[in-house]
Amino acid sequence: MSRIVSVVGARPNFMKVAPLYEEIKSRGGKQILVHTGQHYDENMSKIFFEDLSMPKPDIYYGIGSGSHASQTAKVMLEFEKTLSEINPALVIVVGDVNSTLACALVCAKMRIPIAHVESGLRSFDMDMPEEVNRILTDSISDFLLTPSIDANENLLKEGIKQEKIHFVGNIMIDSLYRSLKKSRESTILKYFNLESADFGLLTLHRPSNVDDQKSLLHLVESACMASQMAPMIFPVHPRTRKLLISNSMEKLIQGANLTLCNPLGYLDFINLLSHSKFVLTDSGGIQEETTALGIPCLTLRENTERPITVSTGTNTIVGKDRELILTKVSDIMGGSGKKGKIPKFWDGKTASRISDVIQFAIS
Ligand code: UD1
């Protein structure tokens, strides 16, 4: 019986692998789940396995934090050993984190077929480490599984053969739709006293926003100003926490209607998100989730690798433009926030379409 290895490493990977793992299992496929341990905190990793009802990983490397080179190299060394032992029929990697590229590279050298889920997204910004990971992973993958038609176009322009590219839709939305009902059991709204409030959410973790003190201060200050129009919740990513503390921004935040908390689990976050009035974020996945939920999203970046969320969905790119951020929040609170449509194949059936493409490795 052939086997499929699925790789997870960092927080945004878990909700992409969970529905696919379940679908492959329901079709009788034999699977091995590898967790590289790029993210390792309880609230960045373990809680997602519980919230998404994922089985414990079969193999865990615990590679942890480090420079890009050391993270990537450590994963490669471990993954080579794993593949030598298992010799799978297919390896599935998702998204654009360092673990994604590291595992894809090992497969390419060992001539093991690779399926890349969320293929073809491009920000055209090589300052983003994720952009490097996206381009390189796609260039060596065998099955390029795209979330939107713009991704197909990007891949074709890069010279990738049409027969490798499969438009399957957005796997994150499978997890979102499956978890919405369960997320209603979360008590997070009560915890933050938001049961009958119009509130906003803030998330920040991109190196270009949070690794530079001035930039982080500017964005937090903008959010504090926006919080005069609606209370805001700010689950703080570990990368961001370091600078927030060292920057002693406490006074600024204390004077605002902005509540900081630790990173939230998936169900708590989805519950907050689905009840929110607007979101300020630099995350990729949240741009998609807000589009699927019809909630206005203001993206605190100069570009997006997910342009369909802007052209079709509820997303607006605002960068670090404070005036624009405040105007948009005011519009939203006044009832004229951006209304979008749901892109094609963001329908909760992506895991099934992917499984059709990789059926050879399942049976
Ligand atoms: C990584 C991904 C990014 C993704 C993000 C989601 C890469 C290049 N980046 O960025 O694409 O959007 O995850 O969260 O792969 N840390 C902890 N606990 C953890 C994880 C991280 O304390 O569980 C700290 C570490 O000290 C580390 C820092 O956060 O130095 C950043 O973690 P890292 O994995 O390097 O990248 P992210 O910024 O999380």
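Both counts, for ligands and for their atoms, begin at 1 and track the order of listing. What you see is a predicted model, and the numbers here were worked out from it, not measured in a lab.
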To which protein heavy atom is [atom] closest, and what is the distance rounded to 0.1 Å?
{"atom": "atom 2 (C) of ligand 1", "value": "V97 CG1, 3.6 Å"}
{"atom": "atom 8 (C) of ligand 1", "value": "N98 OD1, 3.3 Å"}
{"atom": "atom 27 (C) of ligand 1", "value": "S65 OG, 3.6 Å"}
{"atom": "atom 36 (O) of ligand 1", "value": "R239 NH1, 3.6 Å"}
{"atom": "atom 18 (N) of ligand 1", "value": "D41 OD2, 3.0 Å"}
{"atom": "atom 21 (C) of ligand 1", "value": "H39 CD2, 3.7 Å"}
{"atom": "atom 24 (C) of ligand 1", "value": "P238 CB, 3.7 Å"}

- Item | Test of proximity, Q38 against ligand 1: N or O pairs below 3.5 Å | yes

request  = Please confirm whether H205 comes within less than 3.5 Å of ligand 1 when only nitrogen or oxygen atoms on both sides are compared.
outcome  = yes

Quick check against the 3.5 Å criterion: does T309 have a side-chain atom that pairs as donor or acceptor with the backbone of R306? yes

Notebook entry, point to check: Any sub-3.5 Å donor-acceptor pair from S175's side-chain atoms to M172's backbone N or O?
Noted result: no

Taking 4.0 angstrom as the limit, do [X] and [Y] come out as a salt bridge?
{"X": "R122", "Y": "D138", "answer": "yes"}
{"X": "K81", "Y": "E78", "answer": "yes"}
{"X": "D211", "Y": "R239", "answer": "yes"}
{"X": "R353", "Y": "D347", "answer": "yes"}
{"X": "D96", "Y": "R134", "answer": "yes"}
{"X": "R206", "Y": "E302", "answer": "no"}
{"X": "R27", "Y": "E23", "answer": "yes"}

Using a strict cut-off of 4.0 Å, indicate which atoms of ligand 1 neighbour a heavy atom of [X].
{"X": "E130", "value": "3 (C), 9 (N), 11 (O)"}
{"X": "M44", "value": "14 (O), 19 (C), 23 (O)"}
{"X": "D96", "value": "11 (O)"}

Worksheet item: Any heavy atom of P12 sitting closer than 4.0 Å to ligand 1?
Response: yes

When the aromatic ring centroids of H35 and F14 are compared, is their separation below 6.0 Å?
yes

Looking at K242, Q71, H237, the heavy atom closest to atom 14 (O) of ligand 1 belongs to H237

Note: K46, heavy atoms under 4.0 Å from ligand 1, region reported as neither

